[in-house]
Amino acid sequence: MTVKDIFDFLNGLAPVNTACDFDNVGILVGDPSAEVSGAVVALDCTASAVKTARDNNCGLIITHHPVIFDPLKTVLAGSTVFELIKNGISVISMHTNLDIAVSGVNDCLCHALEFDNFEKRPASDGYLLNFAELDAPVSAEKLARHIKEKLGGSVKFADSGKSIKKIALCSGSGGGYVFDTAVSGCDALITADVKHNVFIDSERLGISVFDAGHFNTEDVVTEPLKNVLSQKFKDVCFITDRTTGIKYV
């Protein structure tokens, strides 16, 4: 099995041509023709992910966040890209295309939160958001506690004071979709990396906004993706690295 074989399968699940224009996805480091017997699935290509790959003789790391995003001006000893090349490890990154794919990050977020009744609809910029409807209305505080229980970490939220039944969801940095949430008739937005002004805007718009953390809203895809890959490529050993340096008090 080669790096390209695995990429071709992933590209079928989450086509790279559906990624946002600013994104950088696909085979970003390594040799597409390299044989793969083991691979690490991780949210980020961190030092921990590289060590996990090296310690387990894995020639491939599959990440959500691109290992190369901004243009590189140097590749020096100790840097992630240098260590990858030095150890012969390839990287496939599937970012915004995996966010919006069927069974992708946003879908996995809904499943993790046990929101079974959801659908995808385009936002004003064309990006696909998930929209879920609860069986019964809940308060913002009760929903915040539910999110924390299912995702871990911490949850910061603004409470509109109204019961919540219809919810827009965007894994990662989706605070900019607060207006789409209001226009869609939803009562709340669940996302991460919410700026202060978004919480202020949500009060004016009459919706509740929940910031559940970037890592926590996206790491939900790691295990499901590993399982899908393991079913497809039975001769490849897939393992996950879900290490994060984020701590909470």
Side-chain angles (χ1 to χ4, degrees), residues 1-46 48-69 80-81 83-85 87-112 118-120 122 126-130 169-172 215 217-243:
M1 203 61 56
T2 67
V3 171
K4 187 178 184 303
D5 289 330
I6 294 173
F7 167 71
D8 287 343
F9 174 71
L10 289 169
N11 192 40
L13 296 178
V16 296
N17 63 6
T18 63
C20 294
D21 292 341
F22 63 79
D23 215 348
N24 188 32
V25 295
I27 303 173
L28 302 186
V29 176
D31 180 1
S33 65
E35 291 290 331
V36 177
S37 60
V40 175
V41 181
L43 193 68
D44 300 279
C45 193
T46 60
S48 174
V50 175
K51 183 178 186 301
T52 299
R54 189 175 60 241
D55 291 350
N56 291 276
N57 297 314
C58 294
L60 174 65
I61 300 175
I62 300 164
T63 69
H64 178 48
H65 294 134
V67 64
I68 300 173
F69 193 72
T80 299
V81 174
E83 294 301 317
L84 290 165
I85 295 171
N87 289 280
I89 301 171
S90 300
V91 177
I92 298 171
S93 298
M94 307 295 271
H95 192 206
T96 52
N97 52 317
L98 185 60
D99 282 334
I100 65 175
V102 174
S103 298
V105 188
N106 288 335
D107 286 7
C108 288
L109 178 59
C110 286
H111 292 312
F118 67 87
E119 64 178 359
K120 297 179 182 296
Y127 181 86
L128 290 177
L129 298 177
N130 276 25
L169 299 97
C170 179
S171 59
F215 181 86
T217 60
E218 293 192 331
D219 185 56
V220 291
V221 76
T222 307
E223 288 291 341
L225 183 58
K226 184 208 78 169
N227 293 338
V228 169
L229 288 164
S230 296
Q231 285 295 315
K232 174 63 178 179
F233 301 101
K234 297 187 183 298
D235 293 335
V236 179
C237 177
F238 292 93
I239 59 177
T240 59
D241 184 290
R242 302 180 65 184
T243 305

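Computed from heavy atoms alone, side chains included, the values below leave out hydrogens, waters and symmetry copies.
- At least one side-chain heavy atom of Val3 sits under 4.5 Å from a side-chain heavy atom of Ile92.
- Screening residues 221-241 for ring pair (Phe, Tyr, Trp, His ring centres under 6.0 Å) gives Phe9-Phe233 as the qualifying pairs, with residues at least two apart or on separate chains.
- Rounding to the nearest 0.5 angstrom, the gap separating the CD1 atom in Ile62 from the CD1 atom in Ile27 is 10.5 Å.
- With contacts defined as side-chain heavy-atom distances shorter than 4.5 Å, the pair Leu10/Leu229 qualifies.
- Across all their heavy atoms, Val220 and Cys108 have their closest contact at O-CB, 3.8 Å.
- Closest non-hydrogen pair, Asn97 versus Val16, comes out as ND2-CA, 3.8 Å.
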> Given Lys226 and Ile239, is the side chain to side chain contact (heavy atoms under 4.5 Å, CB included) satisfied, shown in steps?
Replying inline: CA-CA 7 Å; Lys226 184 208 78 169; Ile239 59 177; 5.6 Å; no

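- Remark: aromatic rings of Phe215 and His64 are distant, center separation not under 6.0 Å.
- Checked by atom type and distance alone, the side chain of Asn56 never pairs as donor or acceptor with a backbone atom of Cys58 at under 3.5 Å.
- Under the salt bridge (Lys or Arg N to Asp or Glu O under 4.0 Å) criterion, the residue pairs touching residues 52-67 are Lys51-Asp55, with sequence neighbours excluded.
- Counting heavy atoms from C-beta on, the side chains of Pro66 and Leu28 come closer than 4.5 Å.
- A pairwise comparison of heavy atoms in Ala39 and Val36 identifies CB-CG1, 4.4 Å as the closest pair.
- Within the 4.5 Å cutoff, the side chain of Ile61 has no heavy atoms near those of the Val29 side chain.
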> Under the side chain to side chain contact (heavy atoms under 4.5 Å, CB included) criterion, do Tyr127 and Asp99 qualify, and how do the steps go?
Replying inline: CA-CA 9 Å; Tyr127 181 86; Asp99 282 334; 3.1 Å; yes

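- Residues that satisfy the salt bridge (charged side-chain N to carboxylate O under 4.0 Å, His left out) test with Asp8, not counting sequence neighbours, are Lys4.
- For the pair Val50/Cys45, a side-chain contact is recorded, criterion being any heavy-atom separation below 4.5 Å from C-beta on.
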>> With side chain to side chain donor-acceptor pair (under 3.5 Å) as the criterion, how do Thr2 and Asp5 come out once you've worked through the C-alpha distance, each side chain's angles and the decisive distance to 0.1 Å?
In response: CA-CA 5 Å; Thr2 67; Asp5 289 330; 3.1 Å; yes

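- With sequence neighbours excluded, the residues that form a salt bridge (charged side-chain N to carboxylate O under 4.0 Å, His left out) with Asp219 are Arg242.
- Pairs of residues two or more places apart, or lying in two chains, never qualify as ring pair (Phe, Tyr, Trp, His ring centres under 6.0 Å) while including a residue from residues 19-38.
- For the residue pair Thr46/Asp44, the side-chain donor-acceptor check at 3.5 Å is not satisfied.
- Rounding to the nearest 0.5 Å places CG of Asn17 at 7.0 Å from CG of Asn11.
- Put simply, the side chain of Cys110 reaches to within 4.5 Å of the side chain of Leu169, judged on heavy atoms.
- Between Ser103 and Val228, the closest side-chain pair of non-hydrogen atoms is not below 4.5 Å.
- The backbone N or O of Ala42 sits nowhere less than 3.5 Å from a side-chain atom of Thr222 that would complete a donor-acceptor pair.
- Residue pairs meeting the side-chain hydrogen bond (donor to acceptor under 3.5 Å, both in side chains) criterion with at least one member in residues 18-30, sequence neighbours excluded, are Asp23-His95, Asp23-Thr96.
- Using a 4.5 Å cut-off on side-chain heavy atoms (C-beta onward), Lys120 and Asp107 make contact.
- Expressed to the nearest 0.5 Å, how far CG of Leu98 lies from NE2 of His65 amounts to 10.0 Å.
- Of the inter-residue distances, the one linking Leu60 atom CG with Leu84 atom CG reads 10.5 Å to the nearest 0.5 angstrom.
- Between the side chains of Asn106 and Ser171, at least one donor-acceptor pair of N or O atoms lies under 3.5 Å.
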